[in-house]
Amino acid sequence: MTLLILWACAGGEPQDDSTALEAPRLLRRISLDLRGTLPSVDELDAVEKDPERVSEYVDLWLETEAFEENLVARLGERWHTRVDVFPVEYQDYAMAPEEEYGFERSVGEEPLRLVARIVAEDRSWDEVVTADHTLANQTLLDIWPLESVSDSPSGGGWTKARYTDHRPAAGVLTTNGLWWRYDTTVSNLNRGRVAAVSRILLCDDYLARPVSFAARDPDADPSYAVLEDPACQSCHASMDPAAAALMGFWWVVLYSEPEFANYHPERERLGETYLGVTPAWHGEPIGGPEDLGLAITRDPRFHACAVSAMAESYWRRTPSWDDEPELSALRDAFGGADHRIKPLIAALMEGESYRQADPRLMPPFQLESVVRDLVGLEWTEDGVRMLDADPSGVRVLAGGVDGDAVVTPQSQPGLTRTLVFKRVAEMAAASASDTDLESAELSELVWWLHGRRPTSEELEALDALESAASAIDPQEGRAAVIAALLRDPAFVTY
Amino acid sequence: MHAWVLLLACAEPTGDSGVPTSEAPEPPTPELDADDVAAGVEALLAGGFIDPNALMDGYLERMSHGDEDCPGDPEQITDTVVYGCETSDGWYYMGVAEYQDTQTPYYGYRELGGDFLIRDPQGDEFEVGAGMSISTEHGKEEVSMIFMGTVVWQGREDWLASASAILEGQLRPYDDQGVLELDGGVRIGSRVLDLEGVTWDPAACGDQASGVVGFRGPDQRWYVADLECGCGPLDFEGQHLGEVCIDLSGLASDVRGSLIP
């Protein structure tokens, strides 16, 4: 409730959501979105003097390593692969309990790292489903049939790698990480995976389709109904032939490491036997995953979906029909840039929707990276990054996505999120000694942390707080101010 | 509602019609010819063929080294040791496995299913994620087999070293002159075979096979032969590559040898 009230009062006056952000606050949003950190005081000063320089920083920050790292977590909100349990667990590899978190993130981030690297290297979005390699860290190189194809690891120890189990190469479509998250069963036969790919890459959610089973014979064998019943065919006519292209990933023993870790080329041709159809993409005959990837790149929904997915991620809301003119322009820009994401993001950040003043709440991955950058805070328990995991962590409580039970980031404030903000603010303040936060002037501190100039009333209030806290404990005066500023809506929104 | 539909109908095309385009890639060039395919299949079969009985025998042999606590049963691995146990002799058992062998004058049923790993004191691992069974009906003189899953057995040099398959088979009647039929996909080592309705009918073709045989090339694409008594046309992605003869008599002999009661 406190946050709700504060939210309404942020900045001293109610904000008009339809107005554009002032340049410093916009720069702060861009910095958080691209780097996961706040802009420096100098950077804020620069755009305060010359707002046109904002675009310059966009171009600069798109080239940072932090952009790629930040993108991994951002992609996780949509791809849902950063889950906290997989069908094969760390014990299957004789790992210690303290290695569990690292194991799970390694597996779940494989497809995200590949996508983020493709974006960071300014390659075509098509490579997401056509790349001849994946990305792996040492954990994955140790446990899966992978070999590094790069001389030196980069980007947090993730290196280009190829599978050695004779699987085709089709970008994320041939990564274990994606298919461990989107598991299948003997009877599901990859259908759920096609639905996941359709949702993620084509913005076409099979589960959202209206399907009437009213006329269906309740005694009919489901195996035949999916081939013959018109209601079933509304999805299965396109889903099952695509599922047939993934038969090499069809696992017949649940939780079996050798089944899950390896590709099974001998199953590639079994689609007709078990699904009753041959591989095809919306009527176009295809072979295996490689052809599936190529077919997806030729599907106009693929590029359109990349645009709307990026818009949703950076706008922090679902695009609506009213956004169509802006999305159309973005699609044109994306096509004109040979389907590279960086120019798309730059165009997005020039747009009206991105620059609107309506506040967005920091997702937990941003909160984590900001306090790490400010005071070096790493909130971990037993090796688990608390803002990045559940259930031992607080990722969902902080408004994040666990990829399983919670699949959409919270856009509104709430009680648990407020408590997390409070706790993180307190921990960060306690870690702020010997940092620039401790030595900064109060006005500069607000400028840095909130991206706006404080009013004289605010400065007086902060000064009073610092004095009062110092009177109790001389060491705690500045910490109290920092904690107050870090849990302020002006900090946790952007 | 109607106005909305009309608006949609009048909207400028944006390039996002939602309808897949029809451009198709160029057909690939084959890397193998008929002789290569025949030689590849021969190499695949050099270490024997999928044999559920052999795997189950191997399982029982490995299990015979366990004790009363680890894994606690000579034929089953229960979930009490799902994350592993080690005997005083250094044998390690992990996972879950269920074995059954019932033989009567009327029928026989032998089955093993599970997801388990057994490591011997020398460190060689026998890891299986599979289900398999041999069913015999003595009244009909029929025997059928199923193998679905993966096996990796370090230290072996035959097919058990590394194989994965979804394979079904029948032999009726279950004697040297019975008709053997196999369906499914098999990987042994790095070589891969697909069998679609492949039959060995001694009365029709002696020891040669008829049916569709697919061989996966190093280009990761399929070369498919439609055999009639051992020989037939070879196709690659819709291209005809001539005639091929593939000798699968050894495969049939191995399977018969295992299945005949």
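Source: prediction; values computed, not measured. Both backbone and side-chain heavy atoms feed into the values below; hydrogens, waters and symmetry mates do not.
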Short side-chain to backbone donor-acceptor contact, B/R216 and A/H166, under 3.5 Å: yes
A/W250 versus chain B, the contacting section by heavy-atom distance below 4.5 Å: side chain
Nearest non-hydrogen partners of A/E259 and B/S164, listed with the distance: OE2-OG, 4.2 Å
Most contacts with chain A, counted as non-hydrogen pairs under 4.5 angstrom, among B/S190, B/G95, B/G131: B/S190
Residue from B/M94, B/R191, B/M148, B/Q220 scoring the most non-hydrogen pairs under 4.5 Å with chain A is B/Q220
Check: A/E266 side chain, B/I166 main-chain N or O, donor-acceptor pair, under 3.5 Å: no
Side chain, backbone, both or neither: which part of A/N262 has a non-hydrogen atom closer than 4.5 Å to chain B? neither
The test is side-chain contact (heavy atoms from CB on, under 4.5 Å); show your working for B/V212 and A/R269 and say whether it passes. CA-CA 11 Å; B/V212 176; A/R269 286 172 55 84; 4.1 Å; yes
Run A/L270 and B/D194 through side-chain contact (heavy atoms from CB on, under 4.5 Å) and show every step you take. CA-CA 9 Å; A/L270 299 183; B/D194 179 64; 3.8 Å; yes
Contact origin within A/Y274 toward chain B - heavy atom pairs under 4.5 Å: side chain
Proximal component of B/V224, with respect to chain A [non-hydrogen, under 4.5 Å]: side chain
Given the options A/E272, A/E89, A/R167, which has more heavy-atom pairs under 4.5 Å with chain B than any of the others? A/R167
Looking at side-chain heavy atoms only, is the closest gap between A/Q91 and B/V82 below 4.5 Å? no
CD/B/E98: more than 12 non-hydrogen atoms of other groups inside 6.0 Å: no
Residue part contacting chain A, namely of B/E196, when any heavy atom lies under 4.5 Å: side chain
Between B/R221 and A/D291, does a salt bridge (charged side-chain N to carboxylate O under 4.0 Å, His left out) hold up when you go through it step by step? CA-CA 11 Å; B/R221 295 191 176 266; A/D291 286 355; 3.5 Å; yes
Within the 4.5 Å heavy-atom criterion, are B/T150 and A/E257 side-chain neighbours or not? no
Grab the two heavy atoms, one from B/G129 and one from A/P258, that are nearest each other, plus how far apart they are. N-CG, 4.1 Å
Is B/E42 atom CD crowded by more than 12 heavy atoms from other residues, nucleotides or ligands, each under 6.0 Å away? no
Looking at side-chain heavy atoms only, is the closest gap between B/E127 and A/S256 below 4.5 Å? no
Among A/L202, A/V253, A/L327, which residue forms the greatest number of heavy-atom pairs with chain B at distances under 4.5 Å? A/V253
In terms of heavy-atom pairs under 4.5 Å with chain A, the winner among B/G214, B/A165, B/P218, B/G114 is B/A165
